[in-house]
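Worksheet: the structure to be examined is printed underneath.
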Amino acid sequence: MLKHLYDTDCVTWSPQGKLFQVEYAMEAVKQGSICLGLKSNENVVLCSLKRQPSELAGYQEKQFKIDDHMAIAIAGLTADARVLCKYMRTECLEYKYTYESHHPVGRLVFKVAEKSQHKTQSGAKRPYGVGLLVAGIDPNGVHLFETCPSGNYYEYKCQAIGSRSQAARTYFESWFHLFEKSTLEQLILHGLSAIKKAIMEDEELNEKNVEVGILGKNLKFTHLNAQELKDYITKLDTFSPNSQIQQE
């Protein structure tokens, strides 16, 4: 049987038990530019590699603020990410208007995952072709979630998604035990180090093609400006996770 007989909608199962449209959406996430997140006991950092479609175009935005206590980084189709971003912002506003407090992070991630899963249950719809890393803080602590086009969602201490993200995850596997007690500056340097491991050999990490967002228990979500990024990238030359072990 030809594969295209089973990929015209997302409710037709192939003989192998696969939903090809869901797999295509997952592949769109894998081909998106890399983004990653990592957290400590008090802070969470999002790092993204921005792409430039051509020399005449600007760099594509990869991170979106949802509320003062929550933000997302995306890998995949930006148009789909904007739809989910608008939905999350609306939910946060409605929750704040009703309960006069911030929306719990885990509950909103569940709503997004449920919305994504509904897209896989109708032949007239298609899955969202984007993966989200959701960073947030609520009374339950610091959170970092990943959502998938299939409707699955997971909570992590650190995670990377997108193109060449395996190199970043390998870096995380070696050093994630340090993140829990890391300072905000150390988290940023770890994030940039992981991004640097994942980029192509002919690419150079600079303040134009990388985006870093920070969030803490006493810090609203904010992006580092160009000068701050340049300073942190310069520090990468002398940064070593082993020195953090010696300080502890």
Side-chain angles (χ1 to χ4, degrees), residues 3-4 6-12 14 18-37 46-67 70-92 108-136 144-154 156 159-169 195 198-200 203 208-213 221 223:
K3 185 176 182 179
H4 65 77
Y6 302 97
D7 64 359
T8 55
D9 57 55
C10 57
V11 294
T12 302
S14 73
K18 297 181 179 180
L19 290 172
F20 287 124
Q21 282 208 359
V22 176
E23 292 194 356
Y24 296 160
M26 299 290 286
E27 189 62 30
V29 176
K30 293 179 182 178
Q31 293 184 9
S33 57
I34 183 174
C35 65
L36 56 85
L46 294 175
C47 297
S48 308
L49 189 67
K50 299 189 291 186
R51 283 180 177 169
Q52 189 180 23
S54 70
E55 292 184 3
L56 301 178
Y59 289 93
Q60 292 181 328
E61 190 177 4
K62 292 279 292 178
Q63 296 182 16
F64 301 92
K65 178 181 176 180
I66 303 300
D67 202 347
M70 194 185 314
I72 60 173
I74 67 166
L77 301 180
T78 306
D80 288 357
R82 290 187 183 278
V83 172
L84 292 175
C85 178
K86 183 178 180 180
Y87 169 76
M88 294 174 74
R89 286 172 175 170
T90 302
E91 288 295 312
C92 282
L108 184 55
V109 170
F110 172 78
K111 290 179 181 178
V112 172
E114 190 173 36
K115 187 176 178 67
S116 298
Q117 203 266 337
H118 285 167
K119 290 287 186 177
T120 69
Q121 292 181 311
S122 172
K125 300 177 181 179
R126 67 165 179 83
Y128 290 115
V130 65
L132 307 180
L133 288 180
V134 184
L144 177 67
F145 287 93
E146 177 196 359
T147 70
C148 303
S150 61
N152 291 324
Y153 68 97
Y154 312 91
Y156 288 96
Q159 173 64 333
I161 59 176
S163 176
R164 300 174 64 87
S165 58
Q166 182 56 51
R169 287 196 294 271
I195 285 275
I199 63 176
M200 303 286 287
E203 283 186 289
K208 293 182 180 179
N209 64 4
V210 70
E211 189 174 12
V212 176
F221 180 77
H223 286 108

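Along the sequence shown, the residues carry numbers beginning at 1.
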Next on the checklist: Set out, in order, the CA-CA distance, both residues' side-chain angles and the distance that settles side chain to side chain contact (heavy atoms under 4.5 Å, CB included) for Y59 and K208, then state yes or no.
Outcome noted: CA-CA 8 Å; Y59 289 93; K208 293 182 180 179; 3.8 Å; yes
Checklist entry - Going through the distances and angles, do K115 and Y87 end up as a side chain to side chain contact (heavy atoms under 4.5 Å, CB included)? => result CA-CA 10 Å; K115 187 176 178 67; Y87 169 76; 3.9 Å; yes
Next on the checklist: Working note: V109 + T147, criterion side chain to side chain contact (heavy atoms under 4.5 Å, CB included); need CA distance, chi angles, decisive distance, verdict.
Outcome noted: CA-CA 7 Å; V109 170; T147 70; 3.8 Å; yes
Item to check | Worked check of side chain to side chain contact (heavy atoms under 4.5 Å, CB included) between C10 and L19 | outcome: CA-CA 6 Å; C10 57; L19 290 172; 5.6 Å; no
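Checked by atom type, the side-chain pair S163/Q31 shows no donor-acceptor distance below 3.5 Å. Checked by atom type, the side-chain pair S165/R169 shows a donor-acceptor distance below 3.5 Å.
Here the closest heavy-atom approach between residue S33 and residue R51 is recorded as CB-NE, 3.5 Å. Among all heavy-atom pairs drawn from K50 and V210, the shortest one is CE-O, 4.0 Å. Contact between I72 and C85 at its shortest, heavy atoms only, is CD1-CB, 4.1 Å. A pairwise comparison of heavy atoms in V29 and P149 identifies CG2-CG, 3.8 Å as the closest pair.
The shortest distance between side-chain heavy atoms of M88 and V134 falls below 4.5 Å. When side chains are defined from C-beta on, I161 counts as touching Q159, because their heavy atoms get closer than 4.5 Å. Contact check for C92 versus M70: side-chain heavy atoms found under the 4.5 Å cut-off. Inter-residue side-chain proximity for L36 and I195 is flagged as met; some heavy-atom pair is nearer than 4.5 Å.
Between the CG atom in L84 and the OG atom in S116 there is a gap of 5.5 Å [rounded to 0.5 Å]. Distance CD1/I199 to CD1/I34: 10.0 Å, rounded to 0.5 Å. Note: Q60 CD to T78 OG1 = 5.0 Å, rounded to the nearest 0.5 Å. Rounding to the nearest 0.5 angstrom, the gap separating the CD1 atom in I66 from the CG atom in L108 is 7.5 Å.
Applying the salt bridge (charged side-chain N to carboxylate O under 4.0 Å, His left out) test to every pair with at least one member in residues 24-35, sequence neighbours left out, gives no pairs at all.
The main-chain N or O of K65 is found under 3.5 Å from a side-chain atom of R89 such that the two form a donor-acceptor pair. Side-chain N or O atoms of E146 include none that pairs as donor or acceptor with a backbone N or O of L133 at under 3.5 Å. A donor-acceptor pair is defined here as one N or O able to donate and one able to accept, closer than 3.5 Å; such a pair exists between the side chain of E211 and the backbone of K62. Although no hydrogens or angles enter the test, the distance criterion places a donor-acceptor pair under 3.5 Å between the side chain of Q63 and the main chain of G213. With R164 contributing its side chain and A198 its backbone, the two residues share a donor-acceptor pair below 3.5 Å.
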Just distance, no hydrogens or angles: give the donor-acceptor pairs under 3.5 Å from side chains in residues 121-131, sequence neighbours left out.
{"residue": "S122", "atom": "OG", "partner": "A124", "partner atom": "N", "Å": "3.3"}
{"residue": "R126", "atom": "NH1", "partner": "D80", "partner atom": "OD2", "Å": "2.9"}
{"residue": "R126", "atom": "NH2", "partner": "D80", "partner atom": "OD1", "Å": "3.0"}
{"residue": "R126", "atom": "NH2", "partner": "D80", "partner atom": "OD2", "Å": "3.3"}

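Ring planes of Y24 and F20: parallel class, angle under 30° (limits at 30 and 60°). The aromatic rings of F110 and Y153 sit perpendicular, their planes meeting at an angle over 60°, well past the 30° parallel limit.
At least one cation-pi condition fails for K18 and Y6: the charged atom is not both under 6.0 angstrom from the six-membered ring centre and inside a 45 degree cone around its axis.
Salt bridge annotation for K111-E91: present, with a cationic side-chain nitrogen under 4.0 angstrom from a carboxylate oxygen.
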